[in-house]
Amino acid sequence: MRRHAALVLLSQEHHHELAHARRLLRAADAGPERRLAVASAYVDAFFAETVEHFRREEEILFPLYVRHAGSTPMLERILREHMELHGLVAALRADAAAGDIPPEALRSLGDLLHDHVRVEERELFAEIERIVPAAELEGLRL
């Protein structure tokens, strides 16, 4: 899917998140050591990369969207999912510190992460490209 140049970096980061989601889901069916390794790697990536990704969306991109569309159920869902993802990763970090990753923790996080990225890419970004004038998108510094 072609994206406006202003959204390309976020889309590339979404691709990385989808890869993480696949690893989390595959690890749910693996043994305890693999579950711990994958969980720990995602917790590290989340705090090193994803938190900053969310910040740029929430502080730069989403306010631009709201100026043109108002608050929408889709945006409310996405913001709620950002909070849910923070909560699931915090719980996963605690599980990792205890050395025991329940398979369902990986499934829940992997499923939510996958679905979240798909909605942002297929619905929200498409809507942003449709309603936000190109000149405003070009002025974004994401």
Side-chain angles (χ1 to χ4, degrees), residues 1-32 34-98 100-142:
M1 184 178 312
R2 291 194 56 84
R3 285 278 166 240
H4 186 282
L7 301 176
V8 167
L9 178 60
L10 292 175
S11 285
Q12 290 170 344
E13 292 169 355
H14 285 159
H15 178 76
H16 294 294
E17 291 296 325
L18 287 173
H20 283 298
R22 285 189 298 275
R23 282 191 290 277
L24 290 163
L25 291 168
R26 280 195 309 264
D29 295 324
R34 179 74 182 143
R35 289 195 311 265
L36 180 59
V38 169
S40 297
Y42 186 68
V43 167
D44 291 345
F46 182 84
F47 289 106
E49 302 162 10
T50 308
V51 168
E52 173 62 17
H53 173 93
F54 285 177
R55 185 199 64 75
R56 286 181 284 128
E57 287 180 335
E58 293 169 6
E59 294 179 8
I60 300 169
L61 184 61
F62 296 170
L64 177 64
Y65 172 73
V66 168
R67 280 200 305 275
H68 292 276
S71 182
T72 65
M74 178 175 32
L75 182 61
E76 291 170 11
R77 172 188 172 177
I78 287 167
L79 289 169
R80 184 178 58 253
E81 288 175 353
H82 279 193
M83 290 184 282
E84 289 175 29
L85 287 163
H86 273 281
L88 290 173
V89 173
L92 193 63
R93 180 169 52 184
D95 290 339
D100 182 33
I101 307 296
E104 189 51 40
L106 297 176
R107 277 190 204 93
S108 296
L109 178 57
D111 284 338
L112 179 58
L113 185 59
H114 175 271
D115 294 348
H116 174 79
V117 168
R118 290 296 190 204
V119 167
E120 280 194 4
E121 280 294 322
R122 293 179 178 167
E123 297 177 34
L124 182 65
F125 280 21
E127 179 75 359
I128 288 170
E129 289 174 326
R130 190 180 66 75
I131 67 169
V132 175
E136 288 185 53
L137 284 174
E138 288 165 11
L140 287 178
R141 296 295 170 249
L142 296 167

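Scope of the values below: all heavy atoms of this structure, side chains included, with no hydrogens, waters or symmetry mates. Here, residue 1 is the first one in the sequence, and each next residue gets the next number.
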Report task. Walk me through it: do His53 and Glu49 pass the test side-chain hydrogen bond (donor to acceptor under 3.5 Å, both in side chains)? Result -> CA-CA 6 Å; His53 173 93; Glu49 302 162 10; over 6 Å; no
Query raised in the report: Between His20 and Leu113, does a side-chain contact (heavy atoms from CB on, under 4.5 Å) hold up when you go through it step by step?
Result: CA-CA 8 Å; His20 283 298; Leu113 185 59; 4.2 Å; yes
Query - Pair Arg93-Phe46, side-chain contact (heavy atoms from CB on, under 4.5 Å): steps then yes or no - result: CA-CA 10 Å; Arg93 180 169 52 184; Phe46 182 84; over 6 Å; no
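With a 4.5 Å cut-off on side-chain heavy atoms, Glu81 and Glu120 do not count as touching. Under the 4.5 Å side-chain criterion, counting only non-hydrogen atoms from C-beta, Val38 is not in contact with Ile101. Using a 4.5 Å heavy-atom threshold, the side chains of Leu9 and Arg56 count as touching. Leu140 is listed as a side-chain neighbour of Leu64, based on a closest heavy-atom distance under 4.5 Å. Asp29 places a side-chain heavy atom less than 4.5 Å from the side chain of Arg107. Residues Asp95 and Asp100 have side chains not in contact (no heavy-atom distance under 4.5 Å, counting atoms from C-beta outward). Using a 4.5 Å heavy-atom threshold, the side chains of Met74 and Tyr65 count as touching. Between Arg118 and His14, every side-chain heavy-atom pair lies at or beyond the 4.5 Å cut-off.
Between Leu75 atom CG and Arg77 atom CZ the span is 12.0 Å, to the nearest 0.5 Å. Here the CG atom belonging to Leu24 is positioned 6.0 Å from the CG atom belonging to Leu106, to the nearest 0.5 angstrom. Between the CD atom in Glu57 and the CG atom in Leu79 there is a gap of 9.0 Å [rounded to 0.5 Å].
With hydrogens and angles disregarded, a donor-acceptor distance shorter than 3.5 Å links the side chain of Arg3 to the backbone of Glu121. Using modelled atom types, no side-chain atom of Arg35 and backbone atom of Ala28 make a donor-acceptor pair closer than 3.5 Å. Proximity of a side-chain donor or acceptor of Glu76 to a complementary backbone N or O of Ser71 within less than 3.5 Å is not detected.
Across every non-hydrogen atom of Leu112 and Leu88, the tightest pair is CD2-CD1, 3.7 Å. For Val89 against Tyr42, the heavy-atom pair with the smallest separation is CG2-CE2, 3.8 Å. In terms of heavy-atom proximity, Ile78 sits nearest to Leu124 at CD1-CD2, 3.5 Å. Between Ala105 and Leu92, the closest heavy-atom pair is CB-CD1, 4.2 Å.
Within a 6.0 Å radius of NE2 in His15, no more than 12 heavy atoms belonging to other residues, nucleotides or ligands are found.
By the 4.0 Å N-to-carboxylate-O rule, Arg55 lies too far from Glu58 to be salt-bridged with it. Taking the charged nitrogens against the carboxylate oxygens, Glu17 and Arg22 have no contact shorter than 4.0 Å, which rules out a salt bridge.
Checked against a 6.0 Å centroid threshold, the rings of Phe125 and His4 do not count as neighbours.
Relative orientation of the Phe54 and His82 rings is parallel, given thresholds of 30° and 60° on the angle between their planes.
Under the 3.5 Å distance criterion, with hydrogens and angles disregarded, no donor-acceptor pair is assigned to the side chains of Gln12 and His16. In this structure, a donor-acceptor pair under 3.5 Å is absent between the side chains of His116 and Glu84.
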